[in-house]
Amino acid sequence: MGSLRRSLISLHRALKSSNSISPTETLLRPQYGYGLVQRSYSIGTTSNLDIDLSNQESKRRLFNRLIYRSKQRGFLELDLVLGKWVEEHIHSMDENGIKSLVDVLDLENPDLWKWLIGQEQPPEALKTNPVFTAVRNKILNNLNSYAAPETRATPGQPWVRGWDDIKKGQGGPITGNQ
């Protein structure tokens with residue numbers, strides 16, 4: 001009963017937000033076999049973050065807050081990749097770069113990760129974000145340099161191989177994780 005109520009509330013919010021004028025992109029995705037879930041991504045509208053680069057103290061606080069948000073997302077791969085990239089580049093960003101970074105940090109982890117590694121195509125509005133483009137290029141260059149193509153999933157297909165990919169003994173599975 002609780003999940004039905006949450007679904008109805010989410011649907012109501014999605015319908016309510018679709019009437020707004022803000023530039024959003026709506027995606028419908030299957031979620032855990034329970035039907036379709038609608039997610040709206042606002043790209044280009046910075047959240048309630050006060051961007052004040054006028055003095056050193058406010059700049060330091062803002063940079064620390066953004067570094068923390070990029071390193072503590074709760075998604076280990078993004079924590080490592082995004083956190084390291086932000087630490088290296090945040091001090092050379094201007095106000096527009098900071099706004100672009102905040103837009104990237106406001107995205108959902110699973111979708112952001114799939115878009116960054118090339119598993120799915122990102123929304124059109126996100127392709128023009130300079131921070132997203134720079135992080136994605138860095139990740140794809142590293143993947144192409146250090147990872148064999150056969151160890152990566154085909155774009156659009158789930159990755160199902162694991163540590164037990166090939167068992168050469170009798171009765172072992174042909175592919176891993178089965």
Side-chain angles (χ1 to χ4, degrees), residues 6-32 34-53 59 62-144 147 152-159:
R6 283 191 300 269
S7 298
L8 289 174
I9 290 171
S10 297
L11 179 63
H12 176 71
R13 285 182 185 154
L15 291 174
K16 199 170 158 184
S17 69
S18 66
N19 294 335
S20 66
I21 301 176
S22 68
T24 61
E25 186 154 334
T26 301
L27 301 174
L28 291 175
R29 307 182 157 254
Q31 177 95 6
Y32 308 115
Y34 295 119
L36 294 175
V37 172
Q38 181 179 14
R39 289 186 180 163
S40 294
Y41 295 103
S42 296
I43 299 169
T45 57
T46 305
S47 64
N48 299 338
L49 186 66
D50 182 30
I51 298 177
D52 179 21
L53 302 175
K59 196 185 287 192
L62 175 66
F63 289 174
N64 286 343
R65 186 177 306 133
L66 293 174
I67 290 170
Y68 181 83
R69 281 187 66 193
S70 66
K71 286 183 159 188
Q72 302 294 327
R73 296 183 62 88
F75 199 95
L76 180 61
E77 293 86 352
L78 277 175
D79 292 348
L80 296 173
V81 172
L82 198 57
K84 184 172 173 62
W85 189 91
V86 170
E87 258 187 340
E88 291 173 357
H89 294 91
I90 195 164
H91 296 287
S92 63
M93 288 184 180
D94 61 352
E95 188 172 346
N96 290 331
I98 300 283
K99 288 179 182 178
S100 298
L101 174 62
V102 170
D103 288 340
V104 169
L105 292 176
D106 286 342
L107 296 171
E108 296 287 329
N109 287 341
D111 296 325
L112 178 59
W113 183 248
K114 288 178 184 176
W115 295 332
L116 285 172
I117 65 171
Q119 185 67 29
E120 291 181 3
Q121 287 299 316
E124 288 300 319
L126 192 58
K127 288 181 181 178
T128 59
N129 185 312
V131 171
F132 175 80
T133 306
V135 174
R136 185 176 189 197
N137 288 341
K138 180 178 174 85
I139 290 173
L140 291 179
N141 285 340
N142 283 343
L143 281 173
N144 292 332
R152 300 192 330 228
T154 316
Q157 299 297 318
W159 189 78

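Here the side chains of Lys138 and Asn142 are in contact, with some heavy-atom distance below 4.5 Å. Pro122 has its side chain within reach of Phe132: a pair of non-hydrogen atoms, C-beta onward, lies under 4.5 Å apart. Side-chain contact check for Met93 versus Val131: some heavy-atom pair is nearer than 4.5 Å. Taking the side chain as every heavy atom from C-beta outward, Trp115 and Pro123 approach each other to under 4.5 Å. Contact of the Leu107 side chain with the Leu126 side chain is registered, since non-hydrogen atoms from C-beta on lie closer than 4.5 Å.
The minimum heavy-atom distance between Gly74 and Asp79, with the atom names listed, is N-OD1, 3.4 Å. Across Leu116 and Ile139, no two heavy atoms sit closer than the pair CB-CD1, 3.8 Å.
A distance of 11.0 Å separates OG of Ser100 from CD of Glu95, quoted to the nearest 0.5 Å. The CG atom of Leu66 sits 4.5 Å away from the CD1 atom of Ile90 when rounded to the nearest 0.5 Å. A distance of 9.0 Å separates CG of Leu62 from CG of Leu101, quoted to the nearest 0.5 Å. The CZ atom of Arg73 lies 5.5 Å from the CG atom of Leu105; values are rounded to the nearest 0.5 Å. A distance of 10.0 Å separates CG in Leu82 from CZ in Arg69, rounded to the nearest 0.5 Å. Rounded to the nearest 0.5 angstrom, Trp113 CH2 and Leu76 CG are separated by 9.0 Å.
Ring geometry, His91 versus Phe63: the interplanar angle exceeds 60°, so the pair is classed perpendicular (tilted spans 30 to 60°).
At a threshold of 4.0 Å, the pair Lys84-Glu87 does not count as salt-bridged, since none of the basic side-chain nitrogens sits closer than that to a carboxylate oxygen. Ionic pairing of Lys99 and Asp94 is not present here: no N-O contact between side-chain nitrogen and carboxylate oxygen is shorter than 4.0 angstrom.
In this structure a side-chain-to-backbone donor-acceptor pair under 3.5 Å is missing from Asn129 to Asp103. Panel note: side chain Thr133, backbone Lys127; a donor-acceptor pair is recorded below 3.5 Å.
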